[in-house]
Amino acid sequence: MASAHLVGLNQAQLRAVEHPPHIPLQILAGPGSGKTKVLTSRIVHLVTRHAVSPSSICAVTFTNKAAMEMRTRLGKMLTKEQVRQIKMGTFHALCAQFLRKYATLVGIGGNFTVCDADESKKIIGKMLKESDLKEFLKSCSITLSEGTAMSRISQSKAKGLTPHDLLDTWHSTSHTAPRKGKSKEKGPSLLTYEHLNAELGTCNTKQIIDYVAANLFAQYERTLRDNNSLDFDDLLVYGVKLFGENPKVGTWCEHVLVDEFQDTNSVQYELMRGLAASSRCVTIVGDPDQSIYGWRSAEVENLAKMRRDFATTQQIMLEDNYRSTGSILAVSLAIVAQDKARIKKTLNATHPQGPKPTLHCFPSDQAEASAVAHEVKRLVAHMGGVLSFDDVGILLRYNSLSRVFESAFRKEGVPTRILGGQRFFERVEVKDLLAYLQLVDNPAYLPAFGRVVNVPARGLGQKSIQELLVVAGKKGMSPLEVAERIYEGRMPDIKPPVKRKIGDFILSLKVLRKLASEGAGPASLIRRLLELVQYETYLQKTQEDWESRWENVKELINFASEMEDDLGVRSFDIESPDLDKGEDDWVDNGEDEYDEEELDDLGFAEVKTRPEESAPAKTEPETPLRAFLQASMLSTDTGQTDEKDKPKVTITTCHAAKGLEWPVVFIPVVEEGVFPSARAEDKEEERRLLYVACTRAQGLLYLTHASSRMMNGEKVFKKLSEFVSVITGPSEVRRASLALFSESPPEMTYGQCRTLASVLHRTAVDSEQRTKDVAELCVLVVVTTYGG
DNA sequence: AATACCTCGTTTTTT
DNA sequence: ACGAGGTATT
């Protein structure tokens with residue numbers, strides 16, 4: 001008798017699910033080939049047929065959303081408890097969880113704060129503004145933006161390189177006299193840039209930038225460590241360190257499954273290897289054609305690397321597509337096949353051919369957007385209740401292109417939802433409140449201090465804060481600590497009377513810290529915080545749109561209370577292996593330090609932002625606040641309280657659309673400079689991005705472009721993307737012979753509608769409703785065209 | 001003298 | 001939305 005989890009699988013899928021657990025497996029799965037189904041079924045199979053304990057399975061997804069999705073799917077085949085025990089999440093989230101517990105093993109504090117990309121960038125920005133470096137760069141007439149510096153650092157980290165590695169490479173390739181010994185000992189950026197000026201006299205620009213970047217990297221790392229903070233890359237780097245140096249921490253792992261493997265970077269690969277170190281059981285799912293994160297240091301080569309490292313690796317291809325019509329697949333393949341270096345693969349349509357994708361050019365961006373909105377309305381009307389606005393996706397190359405479409409849809413009265421636009425946790429009001437809480441949990445975290453020390457405005461400007469930082473630096477204390485002492489009169493006040501102004505700030509933090517140490521949940525902490533600093537009044541006074549911002553604050557409280565409720569239900573446990581020490585006693589995490597410290601104001605007071613190197617390995621308890629902060633930092637939610645009852649057209653980026661599908665997909669702005677993006681370094685990756693976008697469509701696909709478009713207030717003439725024109729010929733002389741596309745949208749005849757309904761596995765078109773809807777639409781068109 | 005408030009230009013893709 | 005840059009206000 002076949003088990004439920006094997007029902008409805010095709011031959012290849014079945015082979016993948018039943019593949020022996022101990023033989024490493026690569027599942028090369030084209031879009032729409034049922035990879036998620038295979039992955040979940042394989043997990044179920046491991047648990048039910050091979051008696052693998054759910055708690056010893058590690059399933060890595062690309063986003064937290066994908067993890068939730070997988071949990072839901074597994075919930076239909078396994079018990080709630082079994083699903084909970086599976087260690088599932090992104091590489092980042094998994095690492096964060098383990099690092100919380102075993103922070104001391106890698107020499108960091110368990111109350112580390114996750115530093116988001118924004119704050120990382122600000123840290124780099126500050127370093128670049130330091131006068132000696134600024135002058136040095138100016139003297140070499142080199143411009144180095146914080147963005148480029150940041151991405152260089154991030155790329156190094158993603159490869160697992162340290163500042164020392166970079167400097168070593170630099171010294172061995174540069175022609176200047178090596179100062180290797182000296183700089184290694186003292187730490188690279190102890191050299192002043194005046195010094196460098198003399199040293200680097202003979203270097204070319206690239207070498208200088210390399211050197212500066214390595215120095216910035218070193219300085220940046222020190223800053224993060226001083227702030228007891230890990231950035232996104234650090235979560236992975238320290239994760240590798242944790243599992244690499246402490247094999248026992250990973251012994252629970254019997255099987256690792258990695259989704260979207262083509263988008264993993266070197267460090268993530270090492271992490272996978274580390275997790276699989278003892279069992280050697282690895283299952284990965286990936287598709288080289290869908291590799292679109294090279295800009296984030298993803299390496300498709302990991303597929304080959306895995307075959308080398310796990311010599312017995314076997315491959316299974318999933319080439320049957322269950323998502324799209326034949327003509328959509330034909331267009332998609334025609335686009336991606338232009339990549340000359342691509343390994344030939346195919347996609348077999350299981351659905352009928354369907355209407356041809358539409359390729360249409362409009363005179364302007366405005367015309368394009370409103371035509372798309374119109375077409376959406378026409379389709380919904382013609383499908384007689386089979387299609388709703390929920391079934392339409394607008395996939396854009398980047399977020400800022402969405403403006404035109406948002407307003408066009410608004411004009412047409414079509415509701416939209418923006419997926420992954422400005423993220424919820426990026427909003428100022430949310431970030432302000434989070435910063436307060438971060439400071440409560442980790443007093444050393446400077447970005448949070450800088451953000452809220454004068455929010456609401458307390459009359460503390462740049463000068464006062466700068467001085468505070470200088471004093472803190474001199475004393476080796478955190479600025480918060482200095483502020484606290486000034487307030488308590490245990491330290492002389494700084495010129496502009498800081499003492500008087502900072503009172504409510506210090507008191508608020510004290511109250512919150514006390515509550516948090518008593519185990520108060522994040523929701524109650526936020527509520528208390530709002531009272532303490534009068535945040536609502538502050539919003540009303542300073543923000544025009546304070547009402548919607550206050551809604552976001554309430555939403556944050558909701559999120560926090562949800563977390564309080566299902567803490568321990570949503571996330572897995574980490575069982576303590578018998579590390580050498582007692583795992584139940586826990587370390588003082590530094591939260592009470594302020595009450596008991598007796599330090600000499602003039603002496604070199606020591607801050608314990610770092611645990612003692614010699615401290616025995618102990619594990620830290622997860623406080624509700626800490627769990628909340630971590631979830632917030634790793635979340636990508638938009639926080640939009642979606643009224644589920646109201647269907648909306650989704651507007652999102654091609655990147656964010658990965659793994660999603662819609663019955664109808666529009667890909668607008670398919671133009672040179674956008675596909676590929678003018679800034680893109682890897683043209684083939686951009687081509688694959690368009691391929692990924694096309695393959696999101698189930699029934700209907702539209703590519704549109706405009707011959708002119710407003711950009712930065714200027715009218716610019718645009719050409720059709722070469723990714724498309726190479727197939728069709730340029731729009732002026734489009735070749736009919738290669739008619740993969742149609743220039744006009746499908747008429748939506750009964751036949752076409754029936755085909756569409758069958759592709760979507762939906763019940764047939766209601767002809768009565770169709771007639772009614774179409775009639776209504778016509779009236780509307782007449783009214784809006786001639787009436788207004 | 002420090003801080004507050006205003007305007008401007010900039011913004012690929014995301015854990 | 002956030003800096004940089006200016007001017008007005010404390």
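Sequence lines set the chain letters: A, B, ... in the order given, protein chains first and strands last, and positions in each chain run from 1.
If you check every strand for non-hydrogen atoms under 4.0 Å, A/Ala678 touches nothing. Using a 4.0 Å heavy-atom cutoff across all strands shown, A/Arg549 reaches sugar-phosphate atoms only and no base atom. If you check every strand for non-hydrogen atoms under 4.0 Å, A/Asn399 touches sugar and phosphate atoms only. Across all strands shown, A/Val428 has heavy atoms under 4.0 Å from sugar-phosphate atoms exclusively, and none from any base.
Here the shortest heavy-atom pairing between A/Val669 and A/Val674 reads O-CG1, 3.4 Å.
Atom NE2 in A/His92 sits about 9 Å away from atom C1' in B/dT14, given to the nearest Å. A straight line from CE of A/Met633 to C1' of B/dT15 spans 11 Å, rounded to a whole angstrom. Whole-Å rounding puts the A/Lys658 NZ to B/dT15 P distance at 10 Å. For the pair A/Arg500 CZ and B/dT3 P, the computed distance is 12 Å after rounding to whole Å. The separation between A/Tyr293 atom OH and B/dT14 atom C1' is 5 Å, rounded to whole Å. Going from atom CG of A/Asp234 over to atom C1' of B/dT15 covers 13 Å, rounded to whole Å. Atom pair A/Leu419:CG and B/dT14:P shows a separation of 10 Å (rounding to whole Å applied). Rounded to whole Å, atom P of B/dT13 lies 19 Å from atom CD of A/Glu260.
When the side-chain nitrogen and oxygen atoms of A/Thr653 are compared with OP1 and OP2 of B/dT12, none of them lie within a distance under 4.0 Å. For the OP1/OP2 pair of B/dT12 and a distance below 4.0 Å, the side-chain nitrogens and oxygens of A/Arg296 include no atom meeting the criterion.
Checked by atom type, the side-chain pair A/Gln155/A/Ser297 shows no donor-acceptor distance below 3.5 Å. Remark: the A/Asp287 side chain and the A/Gln262 side chain contain no N/O donor-acceptor pair separated by less than 3.5 Å.
Using a cutoff of 4.0 Å between basic side-chain nitrogens and carboxylate oxygens, A/Lys718 and A/Glu368 are not scored as salt-bridged. Under the 4.0 Å criterion applied to side-chain N and carboxylate O atoms, A/Arg688 and A/Asp289 are not assigned as salt-bridge partners. Looking at A/Arg709 and A/Glu671, a side-chain N of the basic residue comes within less than 4.0 Å of a carboxylate O on the acidic one, giving a salt bridge. Residues A/Lys121 and A/Glu146 are not paired through a salt bridge, judged by the lack of any N-O separation under 4.0 Å between the basic side chain and the carboxylate.
Residues A/Phe425 and A/Phe559 place their aromatic rings such that the two centres sit under 6.0 Å apart. Aromatic pair A/Tyr220/A/Phe217: centroids not less than 6.0 angstrom apart.
When distances run from any side-chain atom of A/Arg679 to the nucleotides B/dT11, B/dT3, B/dT13, the shortest one goes to B/dT11. Taking every side-chain heavy atom of A/Tyr398 into account, B/dT12 is the closest of B/dA2, B/dT12, B/dT14. Nearest to the side-chain atoms of A/Lys463 among the listed nucleotides B/dT3, B/dT15, B/dT12 stands B/dT3.
Nucleotides of DNA chain B nearest to A/Ala93 and A/Glu681 differ in position, and the one nearer the 5' end is that of A/Glu681.
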Between the protein and nucleotides 4-7 of chain B, which nitrogen or oxygen pairs are less than 3.5 angstrom apart?
{"unit_1": "B/dA4", "atom_1": "OP1", "unit_2": "A/Gly459", "atom_2": "N", "d": "3.1"}

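Once you apply a 4.0 Å limit to the heavy atoms of chain A, the touched nucleotides of DNA chain C run 5' to 3' over C/dA1 to C/dA4.
Stacking is found between A/Trp295 and the pyrimidine-like six-membered ring of the B/dT13 base under the 5.5 Å centre-distance and 30° plane-angle cut-offs.
For B/dT12, its base sits under 3.5 Å from the side chain of A/Arg397 at one donor and acceptor pair at least.
Counting non-hydrogen atoms of other residues, nucleotides and ligands closer than 6.0 Å to NZ of A/Lys501 gives a total above 12.
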